[in-house]
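Reviewing the structure listed below.
When a residue number appears, it is its place in the shown sequence, counting from 1.
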Amino acid sequence: MDVVALLFRELLLMIVIFAVLFGIGAAVVMTMKKTYTAGASLFVGVGQEYVYQPRVGLGERAMPPSAAEVAQSEAAILNSLEVKRRVVRALGVESFQSPDAPPPADPARREASAVRAVASGLGVEVTPLSPVIGLSYKSDDPAKSARVLNTVIDQYLTYRREVFQDRATAAIRTQRQTFEDELGDADRAYEEFLRTNNIGDFATARATVASTYQSIFTERMGVQAQLQQASQRLSTFVSQLSRTPSEVALYKDLNVSAQDLILQMRTERESLLARYQADAQPVREIDAKIAQLQTYVGTGTAVGAKEVRTGPNPIWVELETTRINAQAERDSLAARLAVLDRQLSDLRARQSRLTELESRNSTLAGNREVLTASIREFQQRETQSRADNELVKAGADNVTVIERAQPPSKGKSLKAPLMIAVFLFAGFTALCVGLLRVLLRPGFAMPATLSRTLNAPVLAVAPAKSA
């Protein structure tokens, strides 16, 4: 209560300070102009520029970010200093200078001042979990607010295309050309390797050698069986020839004169019977001779070889011919088997040589395959990168302008809240000055204060002596 009472003693000073401060603040507030805020909105989606793609190889792509994260990233680009600088350069520094204020002499300072003006008027609002970005710009001119905000959108779209433009096309092209040079060296090394080892195609040569070896080995087994069969057949023919005479009787003429003589005597007896009786002496005599000759013939010694002709045995000749043919066949099979054995030996040596060269061939062929695959991949990526750059230049991106800025029809004025703020500031300042005067005054201004301070009664109060 003492402080309040003392403040009332400083009331005149506080009123003067309040009036001065309030008057100055009110005058300043009354000079402020209305501000016009233009608004616009953008929709930002998740484009491929936000999806991780491995530079080399076919690794897995990362999960795309959420719409809110993309909106935060795009808002950062909108608020970048480069976008504001481009807006200033597009509209001119004069558009952001007050006509009354003298412009700075330095062009860099003039541009920096204009950039600060754009930054102070531009507002970027991002709603959580929403892909929509709200834009606003306030100034004292509605047409200027709309023009600046639309320029901000245009420069932002241009700048983000430059930011997200794939700059790896030249590097990919250079790397592809490097791979092509390496592939040329690898091709020459592989061709030299094939030519040195007399190989047309390694895989074909190896398959051909394996197939040829299998067929010749199968043929050798067959020829070996045929040779065994022909040798056994020849041995059989030789054995048969040893038991077969080379010459045999081709014609034998027998001596049958006794039989002829008996026939003649019988014919003669029949002639005698025509003249004599059966018991006549001539008939009996001839019968006795016939009986005697028949007895002789019956002994078996009456027939003998009269003339014998000998010659080569046909069976022996046939066996000898067959033996010669069998021996010729055996010799031919033996020669064929020897040729097959040499061929198999050559093929085994060829297979062994190809096996020794397999690791070298695998290394050279692997290098060629890897380089070929890399060139194909880099060609595809170069084509895709070039097409993507062309699409980005043409405006194919994931940002869509929902609403462009229009000149606002109504302005906003802060005179009322500012007047209240000036009033409160002036009153608070006057109160603080009064309290300062009360606290800094020497002595005791009131008897009650002195009595409480010194714990002694006040007997009398005398007016202060004038200086």
Side-chain angles (χ1 to χ4, degrees), residues 194 197-267 290 292-358:
L194 295 178
N197 295 279
N198 194 22
I199 300 174
D201 180 73
F202 190 86
T204 304
R206 187 168 185 180
T208 303
V209 169
S211 176
T212 305
Y213 181 86
Q214 185 66 30
S215 60
I216 292 179
F217 185 79
T218 303
E219 184 179 359
R220 179 187 179 279
M221 297 295 291
V223 170
Q224 190 174 15
Q226 292 176 5
L227 178 60
Q228 186 68 25
Q229 180 181 359
S231 299
Q232 186 63 37
R233 184 181 178 188
L234 179 61
S235 299
T236 302
F237 287 148
V238 171
S239 176
Q240 289 178 352
L241 280 173
S242 64
R243 298 192 301 268
T244 302
S246 59
E247 293 184 356
V248 293
L250 299 180
Y251 174 75
K252 183 182 291 186
D253 190 7
L254 298 178
N255 184 9
V256 291
S257 57
Q259 286 84 349
D260 294 339
L261 185 57
I262 291 173
L263 292 177
Q264 291 177 3
M265 288 183 176
R266 284 181 178 178
T267 303
I290 291 172
Q292 186 180 358
L293 287 175
Q294 286 179 346
T295 303
Y296 173 69
V297 171
T299 60
T301 59
V303 179
K306 182 181 180 181
E307 183 181 359
V308 178
R309 296 180 182 179
T310 61
N313 189 354
I315 298 176
W316 184 88
V317 172
E318 183 179 358
L319 288 175
E320 180 65 14
T321 304
T322 307
R323 182 193 68 79
I324 294 173
N325 293 334
Q327 185 174 1
E329 182 181 1
R330 186 201 63 178
D331 294 341
S332 66
L333 290 175
R336 185 178 178 185
L337 182 62
V339 172
L340 292 176
D341 288 337
R342 288 195 299 272
Q343 290 179 348
L344 287 177
S345 178
D346 295 340
L347 289 174
R348 280 193 292 266
R350 184 65 172 172
Q351 281 183 332
S352 178
R353 179 60 178 166
L354 291 177
T355 303
E356 294 176 359
L357 298 174
E358 184 177 6

- request: List the steps and the verdict of side chain to side chain contact (heavy atoms under 4.5 Å, CB included) for Gln214 and Thr218.
  value: CA-CA 6 Å; Gln214 185 66 30; Thr218 303; 3.9 Å; yes

query: Within the distance-only criterion (no hydrogens, no angle test), does the side chain of Ser352 pair as donor or acceptor with the backbone N or O of Ala349 below 3.5 angstrom?
result: no

task: Can you measure from CG (Leu333) to CG (Leu337) and round to the nearest 0.5 angstrom?
output: 8.5 Å

message: The test is side chain to side chain contact (heavy atoms under 4.5 Å, CB included); show your working for Thr321 and Asn325 and say whether it passes.
response: CA-CA 6 Å; Thr321 304; Asn325 293 334; 3.9 Å; yes

field: From CD (Glu329) to CG (Asp331), nearest 0.5 Å
entry: 10.0 Å

query: Do you know which two heavy atoms are closest between Ile216 and Leu340, and how far apart they sit?
result: CG2-CD2, 3.8 Å

query: So, for Ala334 and Leu227, which heavy atoms are closest and what is the spacing to 0.1 Å?
result: N-CD1, 3.8 Å

- request: Please report the closest heavy-atom contact between Arg206 and Leu354, naming both atoms and the distance.
  value: CA-CD1, 3.8 Å

message: Is it the case that over 12 heavy atoms from other parts of the model lie below 6.0 angstrom from the CD1 atom of Ile324?
response: yes

query: How long is the span from the CD atom in Gln343 to the CZ atom in Arg350, to the nearest 0.5 Å?
result: 15.0 Å

- request: Can you see which heavy atom on Leu344 is nearest to which on Phe217, and at what distance?
  value: CD2-N, 3.7 Å

message: Per the side chain to side chain donor-acceptor pair (under 3.5 Å) rule, what does the pair list look like for residues 226-241, sequence neighbours excluded?
response: Ser239-Arg243

query: For the side chain of Thr212 and the backbone of Thr208, is there at least one donor-acceptor N/O pair under 3.5 Å apart?
result: yes

task: Identify the heavy atoms of Val209 and Leu347 that sit nearest to each other, and give their distance.
output: CG1-O, 4.0 Å

